Amino acid sequence: MTANVANEPVGVSVAAGLDALVAFVRRHPRLVVLSGAGVSTECGIPDYRDVRGAWKRPPPVQHQHFMTSLATRQRYWARSLIGFRAIEAARPGPAHRALARLEALGHVSAVITQNVDGLHQRAGSKRVIDLHGRAEMVRCMGCDALRMRHDLHAELARCNPDWHGVKAAVGPDGDADLDGLDFSRFRVNDCARCGDGILKPDVVFFGDNVPPSRVAAAFAALQEADALLVVGTSLMVYSGLRFVRQAARDAKPIACLNRGLTRADDLYALKLEAPTGATLEALAASLC
């Protein structure tokens, strides 16, 4: 039976939910965490969806469109040149630090993250599976060469001086709200190594598949775990939802800390709707 604890400003409800979460972790010493955008919003990185799981903004770029349309790549890289600053400037927040502390205390055996910001590792988490890749890297889709994204951005800035000083509201995953501008003159460079390969962030775009090795690593971590803790994700994307469904099939208990609706609300033994960072900090403090 699912025990839902709402995020109403009622101290008893939140306190009861935290007590239940502490008890859940104590009962299941080998915990795998599945994290999403809600873990990083406190770090200044916006998320895609509202508390009902609906898009707050137009959906992100599709893999097929990026690979087949120069206009799509021009729009993507122009927006990224402005918006990626939010990810570059982000530092681990209380949720990341608390999860790293829980790992150090022996309560978390692995973190499977849908985020691409690398903040779990920077906070000190050791066993992190970056399900959707890492945004700070760029991969050539022709020769498979890797380069740092900040290096490519510096190159794009030099090639597109008219874009210096452009300001816009940042979006999720290093995007920016630049609609209404003409991107047709934005210069997009191909791979310098092979000469004509398309450069793409080393992340899984919508419409693409998570590499099988990452999926296998995540399922293996889940298989070893006693229980699953879902944190900061609506699970509207199947790439994360599948692990919750597998845990349910394996009769592994599942707890959730997330504000708003998720696609797996009927599968949780416990759901707590409360601030992510503060709740995880309190959880870690209670387990010391």
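Quick caveat: nothing in here was measured; it's all calculated off a predicted structure.
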What ring pair (Phe, Tyr, Trp, His ring centres under 6.0 Å) pairs are there with at least one residue in residues 105-152, not counting sequence neighbours? His96-His120
Distance-only, no hydrogens or angles: does the Ser109 side chain make a donor-acceptor pair with backbone N or O of Leu31 under 3.5 Å? yes
So how far is it from Leu21 CG to Leu283 CG, rounded to the nearest 0.5 Å? 5.0 Å
Using the rule given for side-chain contact (heavy atoms from CB on, under 4.5 Å), can you reason through Asp130 versus Gln114, listing the C-alpha separation, both sets of side-chain angles and the distance that settles it, and then say yes or no? CA-CA 7 Å; Asp130 296 297; Gln114 299 170 97; over 6 Å; no
Does the side chain of Cys191 reach to within under 4.5 Å of the side chain of Cys143, using non-hydrogen atoms? yes
Quick one: side chain to side chain donor-acceptor pair (under 3.5 Å) pairs with a partner in residues 151-161, sequence neighbours left out? Ser80-His153, Arg147-Asp151, Arg147-Glu155, Arg149-His153, Glu155-Asn189
Evaluation steps, side-chain contact (heavy atoms from CB on, under 4.5 Å), between Leu34 and Val231: CA-CA 6 Å; Leu34 174 62; Val231 180; over 6 Å; no
Below 3.5 Å, can you tabulate the donor-acceptor pairs from side chains in residues 198-212 to any protein atom, sequence neighbours excluded?
unit_1: Lys200; atom_1: NZ; unit_2: Val203; atom_2: O; d: 2.5
unit_1: Asp202; atom_1: OD1; unit_2: Arg139; atom_2: NE; d: 2.9
unit_1: Asp202; atom_1: OD2; unit_2: Arg139; atom_2: NH2; d: 3.3

Residue pair Arg91 / Cys43, side-chain heavy-atom distance below 4.5 Å: no
List in chain and number order the residues that pass side chain to side chain contact (heavy atoms under 4.5 Å, CB included) with Thr68, two or more places apart in sequence or in another chain; answer none if no residue qualifies. Gln64
Apply side chain to side chain contact (heavy atoms under 4.5 Å, CB included) to Asp190 and list each qualifying residue two or more places apart in sequence or on a separate chain. none
CZ/Phe66 to OG1/Thr72 distance, rounded to the nearest 0.5 angstrom? 9.0 Å
Please confirm whether the ring centroid of Trp77 lies under 6.0 Å from the ring centroid of Phe186. no
Listed partners of Ala216 passing side chain to side chain contact (heavy atoms under 4.5 Å, CB included), at least two apart: none
Under 4.5 Å between side-chain heavy atoms, chaining through other members, with only Ile, Leu, Val, Met, Phe, Trp and Tyr counted: pull out the rest of the cluster around Met148, sorted by chain and number. Met137, Leu146
Look only at the side chain of Lys252 and the backbone of Ala225, and say whether a donor-acceptor pair between them is shorter than 3.5 Å. yes
With a cut-off of 6.0 Å (strictly less than), are more than 12 heavy atoms of other residues, nucleotides or ligands near CZ of Arg185? no
Report the residues that fulfil salt bridge (charged side-chain N to carboxylate O under 4.0 Å, His left out) with Asp117, sequence neighbours left out, ordered by chain and then residue number. none
If only atom types and distance count, is the side chain of Thr279 paired as donor or acceptor with the main-chain N or O of Pro275 below 3.5 Å? yes
All side chain to side chain contact (heavy atoms under 4.5 Å, CB included) counterparts of Ala221, not counting sequence neighbours: Val32, Ala110, Arg127, Ile129
Does the Glu103 side chain pair with the main chain of Lys126, one donor and one acceptor, at a distance under 3.5 Å? yes
How far does SG of Cys288 sit from CG of Leu105, to the nearest 0.5 angstrom? 5.0 Å
Taking atom CZ of Arg242 and atom CG of Leu235, what is their separation to the nearest 0.5 Å? 12.0 Å
If you look only at pairs with a residue in residues 93-102, which of them pass as a salt bridge (Lys or Arg N to Asp or Glu O under 4.0 Å), with sequence neighbours excluded? none
Drop me the distance from Ser234's OG to Arg259's CZ, to the nearest 0.5 angstrom. 15.0 Å
Please determine which of Thr233, Thr262, Ile254, Leu222 meets the side chain to side chain contact (heavy atoms under 4.5 Å, CB included) test together with Val244. Ile254
Which pairs with one or both residues in residues 226-263 pass ring pair (Phe, Tyr, Trp, His ring centres under 6.0 Å), sequence neighbours excluded? Phe219-Phe243
Contact check, side chains of Arg214 and Ile112, non-hydrogen atoms, under 4.5 Å: no
Tell me if a side-chain donor or acceptor on Glu273 pairs with a main-chain N or O of Gly260 at a distance below 3.5 Å. yes
Quick one: CG on Asp182 to CD on Gln74, what's the gap to the nearest 0.5 Å? 8.5 Å
Ile87 vs Ile45 side-chain heavy atoms within contact, under 4.5 Å: yes
Pick from Leu119, Asn258, Leu257, Asn115: which one makes a side chain to side chain contact (heavy atoms under 4.5 Å, CB included) with Val39? Asn115
Test: side chain to side chain donor-acceptor pair (under 3.5 Å). Region: residues 23-32. Which pairs qualify, not counting sequence neighbours? Arg30-Asp226
